[in-house]
Q: 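Pasting a structure below so you can have a look.
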Amino acid sequence: MARVILPSGETREAQGITFLELIHQGNAAAVLFNGKLLDLREPVPEEGEARVLTTADPEALEVLRHTAAHILAHAVTRLFPGTKLAIGPAIADGFYYDFLFSEPISHEDLARIEEEMKKIVEQNIPLERVWIPRAEAERLLRERSEVYKLELLSEIPGEEISFYRQGEFLDLCRGPHLPSTGLVQHFKLLDLAGAYWRGDPTRDMLTRIYGTAFATEEELEKFLRWREEARRRDHRALGPQLDLFSIQNDMVGAGLVLWHPRGARIRRIIEDFWVAEHYKAGYQLVYTPHIGRSRLWQTSGHLDFYRESMYAPIVIEGQEFFLKPMNCPFHIAIYKTKTRSYRELPLRYCELGTVYRFERSGVLHGLLRVRGFTQDDAHIICRPDQVEEEIRGVLRFALYILRSFGFAEFTAYLSTRPEKFIGDVADWDRATEALRKAVEGEGLAYQVKTGEGAFYGPKIDIEVQDSLKRPWQLTTIQFDFNLPERFDMTFVGPDGRPHRPYMIHRALLGSLERFFGILVEHYGGAFPVWLAPVQVVVLPVSEAEIPYAEKVAGELLEQGIRAEAWTKEGKTLRWLVREAQLQKIPYILVCGPREAAEGKVALRLRTGEDQGPKPLDEVVLRIRQAVCARTTGL
RNA sequence: GCCGGCGUAGCUCAGCGGCAGAGCAGCCGCUUCGUAAGCGGCGGGUCAGAGGUUCGAAUCCUCUCGCCGGCUCCA
C-alpha cells in the first residue's frame with residue numbers, strides 16, 4: 001500500500017490502480033515520487049509516498065511545458081503536413097520543438113501556429129500513453145519517415161517503447177505529460193531560430209520554435225514583461241543612446257569597441273577603483289606589450305593549442321610576432337628575470353591587459369562577446385604551503401569587488417580534474433581542496449562540475465545574478481600546472497634547492513568590455529552616483545541665470561564632482577529637464593532667479609522627484625556620501 | 001561558419017514595380033522660457049554593394065557584405 005497525498009492535502013492509501021483513477025482533481029498534472037516526476041497514468045506504486053501535483057505546483061511546470069511542446073508539434077503537423085519532428089523539451093524559460101520543415105517558415109507563421117495550438121487546447125484532447133513494441137515502433141516511424149525519431153529510437157533501451165497520443169498526433173516520448181491538452185491555458189510562442197540536429201554543425205539544420213507556458217495568465221504576463229524589460233535594457237541599444245560606446249563593424253572592425261567619452265569615464269572609474277583595491281590587497285601592477293615573439297607563444301604552448309583563436313602573425317625583420325590572446329606568458333617572463341627566493345612569495349602580478357582573440361563572426365554580441373578586450377587579469381605565484389590562504393584571499397577579494405558594483409547574489413562552480421590532464425594527482429588534489437575550502441569558508445553556495453576543469457588545473461567560477469535575475473559568469477580562479485612547467489619557473493627554497501611554484505590565474509570582472517555591458521544592463525543605464533559619467537547637470541531657467549549656473553557647475557567641479565552646466569543649448573527648461581532625465585543623470589540642479597538670489601539650487605532627482613531649493617553645500621555633501629557608500633540610492 | 005529574419009537620412013521607421021518620405025537629431029532664425037519635447041525655415045540619401053529581369057527597380061531574382069535571433073537545456 002502506498003500513501004498518496006492529494007492536492008487538497010488529504011491522504012489516500014491505494015493499490016492496483018493508476019493515479020488518474022484514484023483522483024478526480026481537474027487540474028492534477030503529475031506525480032512526485034522519490035524526487036521523480038511520474039505520469040498520472042502510472043499505477044500507484046507498491047509502497048512509499050507519492051504526491052499529486054497540480055498545474056499550479058512549480059514542480060509540475062516542466063510537465064506543463066513539455067505538454068505545451070507537444071501541442072506545438074501537433075499544431076505544426078496539422079498546418080504543415082510532412083514536417084519532420086526532432087525533439088521538444090521543456091527548458092528554463094519555457095520549451096521548444098525542433099522541426100525540419102519542407103519549406104522555410106517565418107515569424108508570421110508563429111501566429112497561425114499559435115491559433116492552431118489554441119484550438120487543440122480548446123478541444124481538450126486527452127493525452128494517452130501507449131507502449132509499442134520496438135519493431136512496431138520502428139515500422140511506425142519509418143512509415144512516417146521520421147528520421148530523427150528513428151535515430152532516437154535506436155538509442156532507447158528496452159523492447160516496449162513509450163509513445164504519447166493526443167488525437168491524431170502520435171509522438172515518441174518518455175513523458176510524463178498532463179492528462180489533457182485543455183490544461184495548457186497560458187502560453188505564447190516567442191521565437192524562431194535555426195539549430196543543428198543534436199547541436200552538431202555537421203548535421204542537419206533544423207528550425208527551432210521557442211515558446212513559453214505558465215500555470216496562470218499573471219505569471220505568463222509577468223514573464224513577458226520581464227522579457228520586455230530585458231529588451232529595453234539591452235546594452236546595445238543603451239550604449240549609443242547614452243553615447244557610451246560604439247562598435248563600427250564596417251569601418252573599424254567586428255568585435256572591436258570604441259569607448260566614447262562617457263563610457264570611457266565610467267571605465268576609468270572602474271579601473272581606478274580596481275587598481276587602488278589591488279594595491280591594498282597586496283598585488284603589484286604591471287604593464288606588458290600587445291605583441292610578443294613566436295618563441296614566447298611556442299614556449300607557452302599557445303601556438304600548439306590555441307592558435308585557431310589567435311590573430312595571424314606579424315612579421316618584422318624576419319621575426320614572427322603574435323597579438324596576445326592572454327597575458328600570462330608576459331607575467332611569467334617578469335617572474336623569470338631573476339632568481340626568486342621562497343621569502344618573496346607569494347607574488348601577485350596584476351594587469352588590465354588588452355588581449356585579442358579570434359571569435360567566429362556569428363558569436364560576436366555587443367560588448368558581451370568581442371574580439372579585443374581588456375582582462376582584469378592577475379597571476380599569483382606562490383609556494384604550495386601558501387595555496388589555501390591565497391585562494392581564500394582571492395575569493396574574499398573577488399566578492400568584495402563584485403559587491404562594490406552592486407551584485408549581491410552569487411553561485412560558485414568548482415570544476416575538478418578532467419580525464420585528460422597534466423601534472424600530478426597530488427597537486428590537483430591539494431589545489432582542488434584549497435578551492436573547496438575557500439568557497440565553503442566564505443559560505444558560498446556552490447556546485448561541483450566533476451571533470452570540467454581545464455587540462456592544466458582545477459578552477460572556481462563565480463556567477464552573479466543581475467537585477468533581472470539573469471546569471472553572468474564573471475570571476476574565474478584557475479590553477480595552472482602547465483605553464484610553470486613549460487617555462488621552468490622555480491624559486492629557491494629554505495633548502496637552497498629549486499622548487500616549482502604554484503601559479504593561479506584569476507580575473508574578477510572577466511573583461512572590462514563585457515563587464516561594462518553587464519553593468520549597463522544591470523542598472524538599465526541609470527548608474528549609481530559613484531559610476532555615473534555625469535553626476536550633476538546644472539540648468540538655468542532662463543538666459544539671465546547662465547552665469548550663476550556656470551558658477552555652480554564650476555564649484556562642483558572644484559569639489560571633484562562630475563558636473564556640467566547646460567547653458568549653450570538655447571532650449572527651454574522643459575526640454576533640458578527631459579534631456580537630463582533621458583540621460584539618466586542622477587542630480588538635476590535647476591537655477592532660477594530665486595535660487596540665484598539666495599545662493600541655492602533646486603534639486604531634482606533622476607527619479608523625477610523634485611526636492612525644492614537647497615543650499616549647494618547640502619547637495620555636495622549628499623553626493624559625496626552617495627559616492628563614498630557606492631550606493632544605488634541618490 | 002551554418003539556418004531564419006532584416007539592411008531606406010545621424011537615429012527610429014513608412015513606402016514594397018511608376019518623381020525617395022515622416023518624426024527626432026543637425027544647421028539658420030524667432031522665442032528667454034520654473035521641472036519630460038516652444039515656433040518657423042533649411043540642408044541631408046549611390047534606398048548596404050554588385051549583377052540580372054523590366055519601357056521603368058528602394059520594390060522582383062541571384063550573389064556579396066553587414067546586422068539581429070539561435071545553433072551546450074536532449075524522446
Side-chain angles (χ1 to χ4, degrees), chain A residues 62 65-66 69-70 73 85-98 100-101 103-110 137 141 146 148-157 161-164 171-175 177 190-210 231 234 236-237 240-241 243 246-251 253-254 359-366 452 539-546 569-583 588-595 602-606 608-613:
Chain A
E62 65 170 279
R65 287 172 172 173
H66 190 187
H70 269 227
L85 306 174
I87 55 168
I91 54 173
D93 285 331
F95 62 88
Y96 69 78
Y97 212 108
D98 284 349
L100 184 69
F101 286 94
E103 36 195 278
I105 66 158
S106 69
H107 262 94
E108 285 83 80
D109 296 311
L110 289 187
L141 293 174
E146 289 288 4
Y148 307 110
K149 295 290 184 190
L150 277 167
E151 185 175 329
L152 295 171
L153 176 65
S154 71
E155 292 163 19
I156 300 169
I161 308 297
S162 162
F163 279 74
Y164 273 82
D171 195 8
L172 172 72
C173 181
R174 74 174 158 200
H177 275 289
L190 300 173
D191 260 313
L192 197 60
Y196 297 107
W197 169 233
R198 311 210 123 178
D200 182 345
T202 65
R203 311 206 53 186
D204 293 348
M205 173 60 75
L206 308 173
T207 302
R208 175 170 295 179
I209 297 178
Y210 283 96
R231 203 188 56 77
D234 192 325
R236 292 166 305 176
Q241 230 166 285
D243 201 12
S246 61
I247 296 174
Q248 298 173 30
N249 240 287
D250 38 358
M251 180 56 84
E359 300 274 7
R360 293 177 306 165
S361 58
V363 307
L364 298 175
H365 183 90
E452 300 256 315
L539 307 181
V541 167
S542 75
E543 243 172 35
E545 290 80 36
I546 286 179
E569 280 71 10
K571 302 281 185 183
T572 59
L573 181 63
R574 291 164 64 76
W575 190 94
L576 293 169
V577 166
R578 180 179 133 91
E579 193 56 27
Q581 294 264 159
L582 291 175
Q583 295 285 320
I588 299 169
L589 303 185
V590 176
C591 299
R594 293 198 294 274
E595 287 76 16
L603 174 63
R604 181 187 165 108
L605 306 179
R606 73 172 156 211
E609 191 185 333
D610 185 352
Q611 301 223 331

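Reminder, nothing fancy here: chain letters follow the sequence lines and each chain counts from 1. Keep in mind the model is a prediction, meaning the values are calculated, not measured.
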Q: Measure the CG-CG distance between A:L539 and A:L589 for me, rounded to the nearest 0.5 Å.
A: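 One gets 8.0 Å once the value is rounded to the nearest 0.5 Å.
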Q: What contact category does A:Y210 fall into here, base, sugar-phosphate, or nothing, at under 4.0 angstrom with non-hydrogen atoms?
A: sugar-phosphate
Q: What's A:A602 touching, base or sugar-phosphate or nothing? Going by heavy atoms closer than 4.0 Å.
A: base
Q: Could you tell me how far B:U32 sits from B:G44 if I compare only their P atoms? Round to whole Å.
A: 31 Å
Q: Suppose you measure atom C1' in B:G49 against the same atom in B:A22; what distance do you get, rounded to whole Å?
A: 26 Å
Q: Who is the Watson-Crick or G-U wobble partner of B:C47, with both distances under 3.5 Å?
A: none
Q: Using atom CE of A:M205 as one end and atom P of B:G4 as the other, report the distance to the nearest whole Å.
A: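 One finds 8 Å between P of B:G4 and CE of A:M205, rounded.
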Q: If I pick the C1' atom on B:G51 and the same atom on B:G10, what distance separates them, to the nearest angstrom?
A: 30 Å
Q: Does a side-chain N or O of A:R606 approach OP1 or OP2 of B:A36 to a distance below 4.0 Å, or not?
A: no
Q: A:T572 side chain: which of B:A36, B:G38, B:C2 is closest?
A: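 Nearest listed nucleotide: B:G38.
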Q: Using purine N1 to pyrimidine N3 plus N6-O4 or O6-N4 for Watson-Crick, or N1-O2 and O6-N3 for G-U wobble, both under 3.5 Å, which nucleotide pairs with B:G56?
A: none
Q: Can you tell me the base-pairing partner of B:G34? Count Watson-Crick or G-U wobble geometry only, both distances below 3.5 Å, and say none if there is no partner.
A: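 Looking at the geometry, B:G34 pairs with no nucleotide.
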Q: Regarding A:P240, tell me which of base, sugar-phosphate or nothing describes its non-hydrogen contacts under 4.0 Å with the strands shown.
A: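 Nothing, no heavy atom under 4.0 Å.
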Q: Rounded to whole Å, how long is the line connecting atom CZ of A:R203 with atom P of B:G70?
A: 24 Å
Q: Can you tell me how far P in B:A9 sits from the matching atom in B:G21, rounded to whole Å?
A: 14 Å
Q: Under 3.5 Å, is there an N or O donor on one side and an acceptor on the other linking the side chain of A:Y96 and the base of B:G70?
A: no
Q: Take the protein atom CD1 of A:I209 and the nucleotide atom C1' of B:C3, then report the distance between them rounded to whole Å.
A: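 Atom-to-atom, A:I209 to B:C3, this comes out as 13 Å.
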Q: Got a donor-acceptor pair under 3.5 Å from the side chain of A:E545 to the base of B:G34?
A: no
Q: Which comes earlier along RNA chain B counting from the 5' end, the contact point of A:C591 or that of A:D171, where each point is its nearest nucleotide?
A: A:C591
Q: From the options B:G4, B:C74, B:G69, select the nucleotide whose nearest atom is closest to the side chain of A:R236.
A: B:G69
Q: Could you measure between the two C1' atoms, the one in B:G17 and the one in B:U54, and give it in whole Å?
A: 9 Å
Q: Taking only the side-chain heavy atoms of A:D191 (C-beta and beyond), determine which of B:G69, B:C73, B:C33 contains the nearest atom.
A: B:G69
Q: Taking the C1' atom of each, how far is B:G29 from B:G43, in whole Å?
A: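 Straight-line distance between the two C1' atoms is 14 Å.
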Q: Categorize A:L582 for me: base, sugar-phosphate, or nothing, with a 4.0 angstrom heavy-atom threshold over every strand shown.
A: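 A:L582: base contact, heavy atoms under 4.0 Å.
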Q: Answer yes or no: does a side-chain N or O of A:W575 lie under 4.0 Å from OP1 or OP2 of B:U32?
A: no
Q: Distance check needed: B:C2 C1' versus A:R208 CZ, whole Å only.
A: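 Atom CZ in A:R208 sits about 14 Å away from atom C1' in B:C2.
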Q: Roughly how many Å is it from CD in A:E579 to C1' in B:G26, rounded to a whole number?
A: 14 Å
Q: Using the test side chain to side chain donor-acceptor pair (under 3.5 Å), find all partners of A:R604 that sit at least two apart in sequence or belong to another chain.
A: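 If we apply the side chain to side chain donor-acceptor pair (under 3.5 Å) test to A:R604, skipping adjacent residues, the hits are A:Q581.
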Q: Counting only side-chain heavy atoms from C-beta out, which of B:C2, B:A36, B:G34 sits nearest to A:E595?
A: B:G34
Q: Rounded to the nearest Å, what distance is computed from the OH atom of residue A:Y97 to the P atom of nucleotide B:C71?
A: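 About 18 Å, once rounded to whole Å.
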Q: Of the listed nucleotides (B:C73, B:G1, B:U35), which one gets closest to any side-chain atom of A:R574?
A: B:U35
Q: According to the Watson-Crick and G-U wobble definitions, with both distances under 3.5 Å, which nucleotide is paired to B:G1?
A: B:C71
Q: To the nearest angstrom, how far is A:R578 atom CZ from B:A37 atom P?
A: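 Rounded to whole Å, this separation is 6 Å.
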Q: Among B:U35, B:C74, B:C33, which is the nearest nucleotide to the side chain of A:I87?
A: B:C74
Q: Taking C-beta and beyond as the side chain, do A:H365 and A:R236 meet within less than 4.5 Å on heavy atoms?
A: yes
Q: Looking at A:R198 and A:E151, does any basic side-chain N land under 4.0 Å from a carboxylate oxygen?
A: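 The answer is yes: the pair qualifies as a salt bridge.
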Q: What is the distance, to the nearest angstrom, from the CD atom on A:Q248 to the C1' atom on B:A48?
A: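 So the two atoms are 16 Å apart, to the nearest Å.
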Q: Should B:G21 form a Watson-Crick or G-U wobble pair with both distances under 3.5 Å, which nucleotide is its partner?
A: B:C13
Q: When the C1' atoms of B:A58 and B:C6 are considered, how many whole Å apart are they?
A: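 It comes out at 15 Å once rounded to the nearest Å.
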Q: Give a yes/no answer on whether the side chain of A:H365 brings an N or O atom under 4.0 Å of OP1 or OP2 in B:G70.
A: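 A:H365 to B:G70 OP1/OP2: no side-chain N or O under 4.0 Å.
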Q: Less than 4.0 Å between a side-chain N and a carboxylate O, is that true for A:D191 and A:R208?
A: no
Q: Without hydrogens or angle criteria, can the side chains of A:Y148 and A:D98 be said to hold a donor-acceptor pair below 3.5 Å?
A: no
Q: Provide the closest heavy-atom pair for A:G592 versus A:E545 in the form atom of the first, atom of the second, distance.
A: C-CG, 3.5 Å
Q: Quote, to the nearest angstrom, the P distance that separates B:U12 from B:C3.
A: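 Roughly 27 Å separates the two P atoms.
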Q: State the pairing partner of B:G66; accept Watson-Crick or G-U wobble contacts with both distances under 3.5 Å, and report none otherwise.
A: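 Its partner is B:C6.
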Q: Could you state the interatomic distance from SG (A:C173) to CD1 (A:I87), rounded to the nearest 0.5 Å?
A: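 Answer for the SG-CD1 pair, A:C173 versus A:I87, is 11.5 Å.
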Q: Across all strands, who's sitting opposite B:C39 as a Watson-Crick or G-U wobble pair, both distances under 3.5 Å?
A: B:G29
Q: Describe the nucleic acid contact of A:A193 in one word from base, sugar-phosphate, nothing, applying a heavy-atom distance below 4.0 Å.
A: base
